[in-house]
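One structure below.
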Amino acid sequence: MKGRSQFSVSSVATEVNSVEQNQSTAAKESQRPVYPFAAIVGQDEMKLCLLLNVIDPKIGGVMIMGDRGTGKSTTVRSLVDLLPEIKVVAGDPYNSDPEDPEFMGVEVRERVLQGENLSVVLTKINMVDLPLGATEDRVCGTIDIEKALTEGVKAFEPGLLAKANRGILYVDEVNLLDDHLVDVLLDSAASGWNTVEREGISISHPARFILIGSGNPEEGELRPQLLDRFGMHAQVGTVRDAELRVKIVEERGRFDKNPKEFRDSYKAEQEKLQDQISSARSVLSSVQIDQDLKVKISKVCAELNVDGLRGDIVTNRAAKALAALKGRDKVSAEDIATVIPNCLRHRLRKDPLESIDSGLLVTEKFYEVFS
């Protein structure tokens with residue numbers, strides 16, 4: 001009896017998954033096409049930070065700050081096409097990893113311990129938008145108390161954090177996010193788990209995601225403890241070069257006129273980028289960084305009075321990801337010079353009398369230590 005019920009559950013899960021995949025394919029075809037990542041002109045700092053996080057999600061996300069109308073949201077959403085595929089347990093609402101217990105939901109872990117064979121599917125990394133007006137229940141998920149009390153089962157409706165597990169959570173205008181949602185994000189980002197408690201019933205699930213936020217600094221500052229949770233910080237400015245501006249306007253016009261044709265014209269470049277990301281992800285674990293360079297990174301962090309060790313860790317990870325993206329197995333000082341301003345800029349203590357950009361301070365200190 002037990003074996004039969006297990007068989008039916010797994011077959012239903014597989015059927016549900018295949019139906020879901022067919023639905024998502026149909027939905028993708030009917031959706032308005034996304035602007036291609038390769039077609040974005042300029043904004044190299046923002047693009048590099050996003051690519052490095054896709055290569056190594058443990059970098060911890062990107063905070064993109066800049067003027068309005070500089071393509072922040074367009075660039076983040078265009079990342080969808082480049083996201084690689086990952087293995088997930090079929091029919092699981094948390095995108096559980098079939099091999100890594102750290103990324104497994106409680107139910108999947110129990111099934112593994114019982115020796116059950118899990119049906120596994122390949123799916124693209126999820127990108128979930130967190131709307132500013134979302135309720136806490138929509139973000140965290142809800143427990144059906146009535147069902148729990150009458151039927152004695154933990155009836156849980158997963159929220160956006162469940163959907164974003166092992167994927168990307170994108171918050172546009174993150175500096176306008178309500179404080180109670182900021183607290184929820186901080187909690188999940190710190191522990192990698194989301195816990196929902198209602199009327200004495202508690203449910204936890206993994207919620208490890210790449211947090212990407214964008215915003216305009218004129219609209220308000222971000223809470224320091226949330227800012228510190230972002231691995232990297234990219235600054236975006238308005239393009240001043242007239243010819244470049246004309247090119248951006250023309251490209252956007254071409255896309256609006258015929259999105260499919262425009263996307264097709266960038267297909268080869270998009271595929272090349274996808275291949276670069278896949279090969280970088282596969283060689284990342286073998287990339288080495290010399291002890292001497294590690295010491296110098298930590299010296300820069302110490303001399304800039306960066307609180308905690310998160311800056312050191314993120315700089316090491318980002319430099320390795322950049323070396324992997326360039327197809328090398330060893331980190332160079334040049335790699336560190338490229339990423340260190342983005343890894344430390346938002347971690348420096350704010351001095352209201354300081355007129356120099358914090359990124360330039362980091363760069364100056366880098367050359368002082370590394371020379």
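Fair warning: this is a prediction, and the values are worked out from it, not measured in the lab. FYI, side chains are in, hydrogens and waters are out, and symmetry mates aren't considered; it's all heavy atoms of this structure.
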### Message
Set out, in order, the CA-CA distance, both residues' side-chain angles and the distance that settles side chain to side chain contact (heavy atoms under 4.5 Å, CB included) for Glu110 and Met104, then state yes or no.
### Response
CA-CA 10 Å; Glu110 283 171 2; Met104 281 182 192; over 6 Å; no
### Query
For Glu261, does the CD atom sit with more than 12 other heavy atoms under 6.0 Å from it, leaving out its own atoms?
no
### Query
Any chain of hydrophobic side-chain contacts (each under 4.5 Å) joining Val54 to Val62?
yes
### Message
For the backbone of Gly105 and the side chain of Ser96, can you confirm whether one donor and one acceptor N or O come within less than 3.5 Å of each other?
### Response
yes
#### Entry: Salt bridge Lys247-Glu250, side-chain N to carboxylate O under 4.0 Å
no
### Which atom of Asn95 lies closest to which atom of Ala162, heavy atoms considered
ND2-O, 4.1 Å
### Query
Do the charged groups of Glu303 and Lys365 touch, with an N to O distance under 4.0 Å?
yes
### Message
Looking at Glu102, I want to see if its CD is surrounded by more than 12 non-hydrogen atoms of other residues, nucleotides or ligands under 6.0 Å.
### Response
yes
### Message
With a 6.0 Å cut-off (strictly less than), is the heavy-atom count around NZ of Lys58, excluding the residue itself, greater than 12?
### Response
no
### Task
Output the distance between atom NZ (Lys296) and atom CD1 (Ile340), rounded to the nearest 0.5 Å.
12.0 Å
### Message
Could you check whether any side-chain heavy atom of Asn126 comes within less than 4.5 Å of a side-chain heavy atom of Ile168, counting everything from C-beta outward?
### Response
no
### Message
Are Ile59 and Asp56 packed together at the side-chain level, in the sense that at least one heavy-atom pair is separated by less than 4.5 angstrom?
### Response
yes
### Arg68/Glu218 salt bridge by N-O under 4.0 Å criterion
yes
### Summary
Taking every heavy atom of Asn165 against every heavy atom of Phe103, the minimum-distance pair comes out as ND2-O, 4.0 Å
### Message
The test is salt bridge (Lys or Arg N to Asp or Glu O under 4.0 Å); show your working for Arg310 and Asp228 and say whether it passes.
### Response
CA-CA 8 Å; Arg310 203 169 276 141; Asp228 187 55; 2.4 Å; yes
### Query
For Lys47, does the NZ atom have more than 12 heavy-atom neighbours from other residues, nucleotides or ligands under 6.0 Å away?
yes
### Leu82 and Leu51: CA distance, side-chain angles, deciding distance, side chain to side chain contact (heavy atoms under 4.5 Å, CB included) verdict
CA-CA 9 Å; Leu82 301 179; Leu51 288 177; 4.1 Å; yes
### Message
In the structure I gave you, are the side-chain heavy atoms of Val112 and Pro101 within less than 4.5 Å of one another anywhere?
### Response
no
### Query
Tell me, do Ile297 and Phe370 make a side-chain contact under 4.5 Å, heavy atoms counted?
yes
### Pi-cation contact, Tyr170 with Arg77 (under 6.0 Å, within 45°)
no
### Query
Does the side-chain hydrogen bond (donor to acceptor under 3.5 Å, both in side chains) test come out yes or no for Glu45 and Asn342, once each step is laid out?
CA-CA 8 Å; Glu45 187 180 306; Asn342 303 114; 2.9 Å; yes
### Query
Between Asp183, Asn194, Thr195, which is the residue that forms a side chain to side chain contact (heavy atoms under 4.5 Å, CB included) with Ser188?
Asn194
### Query
Taking all atoms of both residues into account, what is the closest heavy-atom pair of Ser282 and Ser285, and its distance?
O-OG, 4.3 Å
### Message
Check for me, please, whether Ile313 and Leu284 land in the same ILVMFWY cluster - side-chain distances under 4.5 Å, paths through other members count.
### Response
no
### Joint hydrophobic cluster, Val34 plus Leu169, side-chain heavy atoms closer than 4.5 Å
no
### Message
Rounded at 0.5 Å granularity, tell me how far CE in Met127 sits from CG in Leu79.
### Response
5.0 Å
### Task
Find the distance between CG (Leu181) and CG (Leu186) and round it off to the nearest 0.5 Å.
11.0 Å
### Task
Following the transitive rule for hydrophobic clusters with a side-chain heavy-atom cut-off under 4.5 Å over Ile, Leu, Val, Met, Phe, Trp and Tyr, establish whether Met65 and Leu177 coincide in one cluster.
yes
### Carboxylate-amine/guanidinium contact Asp307 Arg347, below 4.0 Å
no
### Task
Using side chain to side chain contact (heavy atoms under 4.5 Å, CB included) as the criterion, point out the one residue from Val128, Ile212, Leu185 that pairs with Val171.
Leu185
### Message
Closer than 4.0 angstrom, basic N to acidic O: yes or no for Asp312 and Lys294?
### Response
no
### Query
At what distance, to the nearest 0.5 angstrom, does CZ of Arg281 lie from OG of Ser279?
11.5 Å
### Task
Before giving the answer on side chain to side chain contact (heavy atoms under 4.5 Å, CB included), spell out for Asp81 and Phe37 the whole-Å C-alpha distance, their side-chain angles and the decisive distance to 0.1 Å.
CA-CA 8 Å; Asp81 287 336; Phe37 191 86; over 6 Å; no
### Message
Strictly below 4.0 Å, N to O, side chains only: are Arg138 and Glu157 in salt-bridge contact?
### Response
no
### Message
Tell me if a side-chain donor or acceptor on Asp92 pairs with a main-chain N or O of Tyr94 at a distance below 3.5 Å.
### Response
yes
### Task
Using a strict cut-off of less than 4.0 Å between a Lys/Arg side-chain nitrogen and an Asp/Glu carboxylate oxygen, indicate whether Glu251 and Arg254 qualify as a salt bridge.
yes
### Task
Considering only NZ, NE, NH1 and NH2 on the basic side and carboxylate oxygens on the acidic side, decide whether Asp172 and Lys72 come within less than 4.0 Å.
no
### Message
Determine whether Val283 and Asp329 satisfy the following criterion, side chain to side chain contact (heavy atoms under 4.5 Å, CB included), listing intermediate values before the conclusion.
### Response
CA-CA 7 Å; Val283 301; Asp329 61 357; over 6 Å; no
### Task
Check whether any side-chain N or O of Asn53 sits under 3.5 Å from a backbone N or O of Cys49 as a donor-acceptor pair, and report yes or no.
yes
### Message
With a 3.5 Å distance limit and no angle check, can you tell me whether Asp241 reaches the backbone of Glu243 through a side-chain donor-acceptor pair?
### Response
yes
### Message
Are Val89 and Ser119 packed together at the side-chain level, in the sense that at least one heavy-atom pair is separated by less than 4.5 angstrom?
### Response
no
### Intermediate values then yes/no, side-chain hydrogen bond (donor to acceptor under 3.5 Å, both in side chains), Thr142 and Asp137
CA-CA 6 Å; Thr142 52; Asp137 281 353; 5.9 Å; no
### Linked, directly or transitively: Val314 and Phe230 (ILVMFWY side chains, under 4.5 Å)
no
### Query
Mind checking whether Leu344 and Cys301 have side chains closer than 4.5 Å, heavy atoms only?
yes
### Query
Nearest 0.5 Å, what's the CE-CG distance between Met232 and Leu50?
9.5 Å
### Query
Do the non-hydrogen side-chain atoms of Leu48 and Leu322 ever get within less than 4.5 Å of each other?
yes
#### Entry: Side-chain (Ser371) to main-chain (Tyr367) donor-acceptor, under 3.5 angstrom
yes
### Query
At their closest point, which heavy atom of Leu293 faces which heavy atom of Ser332, and how far apart are they?
CD1-C, 4.3 Å
### Query
What is the distance from atom CD of Glu136 to atom NE2 of His180, rounded to the nearest 0.5 Å?
5.5 Å
### Side-chain ion pair, Asp335 and Lys320, N-O less than 4.0 Å
no
#### Entry: Heavy-atom closest pair, residues Ala324 and Val287
CB-CG2, 4.0 Å
### Task
Any pair with a residue in residues 257-280 that passes ring pair (Phe, Tyr, Trp, His ring centres under 6.0 Å), sequence neighbours left out, goes on the list, sorted by first then second residue, please.
Tyr35-Phe262, Phe255-Phe262, Phe262-Tyr266
### Task
Report yes if some heavy atom in the side chain of Arg208 is under 4.5 Å from a heavy atom in the side chain of Arg166; otherwise report no.
no
#### Entry: Nearest heavy atoms of Cys140 and Phe156, plus distance in Å
O-CZ, 3.6 Å
